[in-house]
Amino acid sequence: MWPEAQAAGVSRATFDAETRGLEPDYKLPDLILPGRPATGAPSQAEFVQVPADYVKEAIIAGLATEGQRLMAKYRDALSGIEKRFGVPASVVLAIWGRETDYGRYTLPYDAVRVMATQAYVGRRKDQYRNEFILALKILGDGNVARKDVRSSWAGATGLTQFLPSEFYKHGVDFDGDGRIDIWKSVPDALASAAQQLVNKGWQPGLRWAYEVRAPAGVDCTMGVPEVTKPIGEWLRAGFVPVRGEKLSADEQAQPASLLQPEGIYGPAFLTTKNYFVIKEYNFSDLYVLFVGHLSDRMLSPQPFATPWSASTQLRTTDVEAMQKGLTRIGLYADKVDGKAGMKTRAALGAYQKSAGLKVDCWPSEAVLHSISAAR
């Protein structure tokens, strides 16, 4: 790998120092090891927990209180970030809170070893080959010491969890000390998170979502990003903002999609462009709900107006089987990944309609059996 590293601007001294004695970590998930069954990615909480477990009230309340304290502590930096990037202080704080518990969570792995292992025997070798070289470049550029580059099993590092490629795309030296430090400088980490959102299309002054009450008999199969209408149109169709909130003409003109994380049960939301921007940071509806709701809670103590109601979620392998069945009968054309996201729930609702079942867009054992039996 030395020629590629050299081409990327890594010195021979850095390359030799950081690769000396480097051994693969075969305990990592998502590896393909000869003679052993493939290890899948661990089931991320975003994809196997029901919303009430993931967006736990006690956790959100605790993080919101700490977020308010940090908002006061870093007021000047956060005001500067908001002014420069148009991303509210509460949103970047919520990302920090979700990713590393405001830096109180110590990431468990040596990032360089993770990248090297994933580049050697991982499922996405080419991607991690590049990440490994960029991790060496980060060290060679003097941004951080090797001992401080701790990461998740997938290589994301720093207070706000960046891959090395994201560090070079979105990193910001906000404290003006001449280097980008997303590991120890809170202003740099939060400004880098804001820059990443801006680079993915963040629109200043736009909320992430509005919680609404859905009309009786709502067609939950509309809950996909492709079905987008001005918020005013959704309101005229019977969706009602919770707690009597009145929306301005500008707000009603904003395009939005319907999100029902528990199908027809639990809360419903009208999601704006910024919802999908946060989703680019972590591709999970529950992640965005967590970050969006936590950011709201720093400014207002109100929990969700509608309680969560689902008590069980199908296992990843069962959701995969459901996606394969829906693909087979022509109702689903997206990734088979075991994650019951917007498109899976909508395809499931379409199946329930066609099979004369109750249309609730929620993956259950009963619907899985029905799909498995369908030909």
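Because the structure is predicted, anything quoted here is derived from the model rather than measured.
The shortest distance between side-chain heavy atoms of Tyr168 and Asp141 falls below 4.5 Å. Lys137 places none of its side-chain heavy atoms less than 4.5 Å from the side chain of Pro164. Ile60 has its side chain out of reach of Lys56: every pair of non-hydrogen atoms, C-beta onward, lies at least 4.5 Å apart. With contacts defined as side-chain heavy-atom distances shorter than 4.5 Å, the pair Lys83/Ser79 does not qualify. When side chains are defined from C-beta on, Asp337 does not count as touching Glu320, because their heavy atoms never get closer than 4.5 Å. Contact annotation: the side chain of Ile329 approaches that of Tyr351 to within less than 4.5 Å [non-hydrogen atoms, C-beta and beyond]. In this structure, Tyr210 and Trp234 have side chains that are not in contact, with every pair of non-hydrogen atoms separated by 4.5 Å or more. For the pair Phe269/Gln260, no side-chain contact is recorded, criterion being any heavy-atom separation below 4.5 Å from C-beta on.
Side-chain contact, Asp25 with Thr117: no donor N or O sits under 3.5 Å from an acceptor N or O. A side-chain donor-acceptor contact under 3.5 Å links Glu131 and Ser165. Side-chain contact check for Thr272 and Trp208: no donor-acceptor pair (N or O, by modelled atom type) lies under 3.5 Å. Side-chain contact check for Asn199 and Gln195: at least one donor-acceptor pair (N or O, by modelled atom type) lies under 3.5 Å. Between the side chains of Gln323 and Thr344, at least one donor N or O sits under 3.5 Å from an acceptor N or O. Side-chain contact check for Thr106 and Arg150: no donor-acceptor pair (N or O, by modelled atom type) lies under 3.5 Å.
Under the 30°/60° scheme for interplanar angles, the aromatic rings of His293 and Phe304 are found to lie parallel.
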Intermediate values then yes/no, salt bridge (charged side-chain N to carboxylate O under 4.0 Å, His left out), Arg297 and Glu57: CA-CA 11 Å; Arg297 288 290 284 275; Glu57 175 55 30; 2.6 Å; yes
Evaluation steps, salt bridge (charged side-chain N to carboxylate O under 4.0 Å, His left out), between Arg179 and Asp181: CA-CA 6 Å; Arg179 67 195 178 100; Asp181 181 1; 3.8 Å; yes
Glu166/Lys169 under salt bridge (charged side-chain N to carboxylate O under 4.0 Å, His left out): CA gap, chis, key distance, verdict: CA-CA 5 Å; Glu166 293 168 334; Lys169 272 187 211 146; over 6 Å; no
Full working for salt bridge (charged side-chain N to carboxylate O under 4.0 Å, His left out) between Arg207 and Asp296: CA-CA 10 Å; Arg207 274 165 55 173; Asp296 289 348; 5.9 Å; no
Full working for side-chain contact (heavy atoms from CB on, under 4.5 Å) between Val291 and Ser295: CA-CA 6 Å; Val291 166; Ser295 73; 5.5 Å; no
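Side-chain N or O atoms of Tyr109 include none that pairs as donor or acceptor with a backbone N or O of Val112 at under 3.5 Å. Put simply, the side chain of Asp188 gets close to the backbone of Asp175: a donor and an acceptor are under 3.5 Å apart. Looking at Thr100, its side chain never comes within 3.5 Å of a backbone N or O of Gly97 through a donor-acceptor pair. A donor-acceptor contact shorter than 3.5 Å is absent between the side chain of Gln118 and the backbone of Gly155. Formation of a donor-acceptor pair under 3.5 Å by the Asp173 side chain with backbone atoms of Gly176 is found in this model. With hydrogens and angles disregarded, no donor-acceptor distance shorter than 3.5 Å links the side chain of Asp101 to the backbone of Arg104. No donor-acceptor pair closer than 3.5 Å links the side chain of Arg123 to the backbone N or O of Leu31. Put simply, the side chain of Trp202 gets close to the backbone of Gly86: a donor and an acceptor are under 3.5 Å apart. Arg345 places a side-chain N or O within donor-acceptor distance of the main-chain N or O of Ala340, the cut-off being under 3.5 Å. For the pair Asp285 (side chain) and Gly341 (backbone), a donor-acceptor distance under 3.5 Å is absent.
Tracing side-chain contacts under 4.5 Å through hydrophobic residues (I, L, V, M, F, W, Y), one never reaches Leu206 starting from Leu294; they form parts of separate clusters. Phe239 and Val242 fall into different hydrophobic clusters, where Ile, Leu, Val, Met, Phe, Trp and Tyr side chains are chained together by heavy-atom contacts under 4.5 Å. Under a hydrophobic-cluster definition in which Ile, Leu, Val, Met, Phe, Trp and Tyr are linked whenever side-chain heavy atoms come within less than 4.5 Å, directly or via other members, Leu63 and Met71 are assigned to the same cluster. Two different hydrophobic clusters hold Met322 and Val359 under the rule that ILVMFWY side chains link at heavy-atom gaps under 4.5 Å. Under the 4.5 Å side-chain heavy-atom criterion for ILVMFWY residues, no single connected hydrophobic cluster contains both Leu107 and Trp183.
Other residues, nucleotides and ligands place more than 12 heavy atoms under 6.0 Å from the CZ atom of Phe276. Other residues, nucleotides and ligands place no more than 12 heavy atoms under 6.0 Å from the NZ atom of Lys184. More than 12 heavy-atom neighbours from other residues, nucleotides or ligands sit within 6.0 angstrom of CG on Asp16.
Gln68 contributes atom CD, which lies 10.0 Å from atom CD of Glu66 (distance to the nearest 0.5 angstrom). In this structure, CZ in Phe15 is found 9.5 Å from CD in Glu4, a value given to the nearest 0.5 Å. The distance from the NZ atom of Lys229 to the CG atom of Leu258 is 9.0 Å, given to the nearest 0.5 Å. With rounding to the nearest 0.5 Å, the separation of CG in Leu331 from OG in Ser354 is 5.5 Å.
With salt bridges taken as basic N to acidic carboxylate O contacts below 4.0 Å, one links Arg315 and Asp318. Salt bridge annotation for Arg146-Asp110: present, with a cationic side-chain nitrogen under 4.0 angstrom from a carboxylate oxygen.
Closest of all the heavy-atom pairs between Pro187 and Ile81 is O-CD1, 3.9 Å. Heavy atoms only, all atoms of each residue included: Val227 and Met222 are closest at CB-O, 3.4 Å.
For Tyr102, the ring pair (Phe, Tyr, Trp, His ring centres under 6.0 Å) criterion is met by Trp96, not counting sequence neighbours.
The cationic atom of Lys335 (NZ for Lys, CZ for Arg) lies less than 6.0 Å from the six-membered ring centre of Phe283 and within 45° of the ring axis.
When each of Tyr287, Tyr105, Tyr281 is paired with Glu99, the side chain to side chain donor-acceptor pair (under 3.5 Å) condition holds for Tyr287 and for no other.
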